[in-house]
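Below is one structure, written out as structure tokens, with a few remarks after it.
Values below: all heavy atoms of this structure, side chains included; hydrogens, waters and symmetry mates excluded. Positions are given from 1 along the sequence.
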Amino acid sequence: EVQLVESGGGLVQAGDSLRLSCAASGFTFDDYHIGWFRQAPGKEREGVSCITRRDDRTDYGDFVKGRFTISVDPAKNTVYLQMNDLKPEDTAIYFCAATGILTHNGRGCARFHAPTWGQGTQVAVST
């Protein structure tokens, strides 16, 4: 069974950094595509950063603008999201997601089909 457990969220000030972690079990990163999504209050869930394994491609949402970095530690079966220069508009629940299937439409996170989700971790950025 695929399971994802996020951690590392919290309340920070604008300009601060956070590193989110997602501990995965039930699969290996060689076989699955993995990524981070977020959902702010009253908004739809959006892709933050995703890795598609087949072509080892990494994609970021346009709003990231070089501030976030996704990485994987296969030995720990953990994926990270390093977030720097956080802004109040980054406030959201951040979810880890994994899928074995990509659609042919769009790129990066938009291609994730029926992913397994973690429970989410809250990130709040104050001014």
Side-chain angles (χ1 to χ4, degrees):
E1 180 186 4
V2 174
Q3 289 190 329
L4 303 166
V5 179
E6 303 96 331
S7 61
L11 173 63
V12 297
Q13 294 185 327
D16 284 353
S17 298
L18 277 176
R19 189 177 79 157
L20 306 183
S21 300
C22 172
S25 61
F27 69 99
T28 65
F29 292 137
D30 285 342
D31 300 324
Y32 272 65
H33 316 283
I34 189 88
W36 288 94
F37 293 71
R38 72 184 188 183
Q39 187 165 19
K43 294 188 177 181
E44 293 188 355
R45 193 173 299 190
E46 62 181 348
V48 177
S49 181
C50 292
I51 299 174
T52 50
R53 303 307 302 179
R54 200 157 294 119
D55 53 6
D56 246 354
R57 177 182 172 132
T58 301
D59 285 285
Y60 293 90
D62 292 339
F63 56 86
V64 170
K65 296 181 180 177
R67 299 181 296 130
F68 298 175
T69 303
I70 190 172
S71 62
V72 170
D73 185 341
K76 296 182 178 179
N77 229 34
T78 299
V79 59
Y80 302 98
L81 183 68
Q82 176 67 42
M83 304 188 294
N84 299 326
D85 190 22
L86 283 161
K87 305 177 186 302
E89 51 265 39
D90 294 319
T91 295
I93 299 175
Y94 284 70
F95 298 90
C96 184
T99 184
I101 302 171
L102 298 178
T103 68
H104 294 292
N105 301 319
R107 65 176 178 87
C109 297
R111 298 183 62 194
F112 275 39
H113 176 72
T116 296
W117 298 99
Q119 84 287 352
T121 185
Q122 175 73 55
V123 172
V125 185
S126 64
T127 55

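- When every heavy atom of R67 is checked against every heavy atom of D90, the shortest pair comes out as NH1-OD2, 2.7 Å.
- When the options Y32, F95, F37 are evaluated for a ring pair (Phe, Tyr, Trp, His ring centres under 6.0 Å) with F112, the one that passes is F37.
- Cluster membership check: I101 does not share its hydrophobic cluster with I51, using side-chain heavy-atom separations under 4.5 Å among Ile, Leu, Val, Met, Phe, Trp and Tyr.
- Placement of F29 and I70 within a single hydrophobic cluster is found when ILVMFWY residues are connected by side-chain heavy-atom separations under 4.5 Å, directly or transitively.
- Between the side chain of N77 and the main chain of A24, a donor-acceptor pair closer than 3.5 Å is present.
- No donor-acceptor distance shorter than 3.5 angstrom exists from the side chain of R111 to the backbone of N105, with no hydrogens or angles considered.
- The two residues T103 and A110 make their nearest non-hydrogen contact at OG1-O, 4.1 Å.
- Between T91 and A40, the closest heavy-atom pair is O-CB, 3.6 Å.
- The structure places CZ of R19 at 7.0 Å from OG of S71, a figure rounded to the nearest 0.5 Å.
- Side-chain heavy atoms closer than 4.5 Å link hydrophobic residues (I, L, V, M, F, W, Y) into clusters, and following such links, even through other members, never connects V5 to V79.
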Problem - Residue pair V2, W117: steps toward the side chain to side chain contact (heavy atoms under 4.5 Å, CB included) verdict - result: CA-CA 9 Å; V2 174; W117 298 99; over 6 Å; no
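- Residues V64 and S49 are not in side-chain contact: their nearest non-hydrogen atoms beyond the backbone lie 4.5 Å or more apart.
- The hydrophobic clustering, which links ILVMFWY residues whose side-chain heavy atoms are closer than 4.5 Å, places I93 and L81 apart.
- A distance of 15.0 Å separates OG of S7 from OH of Y94, quoted to the nearest 0.5 Å.
- Using a 4.5 Å cut-off between side-chain heavy atoms of Ile, Leu, Val, Met, Phe, Trp and Tyr, with links allowed through other members, Y80 and W36 fall into different hydrophobic clusters.
- Note that CG of L20 is 12.5 Å distant from OG1 of T78, once rounded to the nearest 0.5 Å.
- Within the 4.5 Å cutoff, side-chain heavy atoms of F27 are placed close to those of I34.
- Residue K87 qualifies as enclosed at atom NZ: its count of foreign heavy atoms under 6.0 Å is above 12.
- With hydrogens and angles disregarded, no donor-acceptor distance shorter than 3.5 Å links the side chain of Q39 to the backbone of A92.
- Distance alone, capped at 3.5 Å, is enough to place a donor-acceptor pair between the E6 side chain and the G120 backbone.
- Put simply, CG on D31 and OG1 on T99 are 12.0 Å apart, with the number rounded to the nearest 0.5 Å.
- For the pair V123 and R38, the minimum side-chain heavy-atom distance is 4.5 Å or more.
- Proximity of V125 to E89: side-chain heavy atoms (C-beta onward) are nowhere separated by under 4.5 Å.
- Note that the CE atom of M83 and the OG1 atom of T69 stand 11.0 Å from one another [nearest 0.5 Å].
- Taking all atoms of both residues into account, the shortest heavy-atom contact from G108 to C50 is C-CB, 4.2 Å.
- Here the closest heavy-atom approach between residue A14 and residue T127 is recorded as CB-CA, 4.4 Å.
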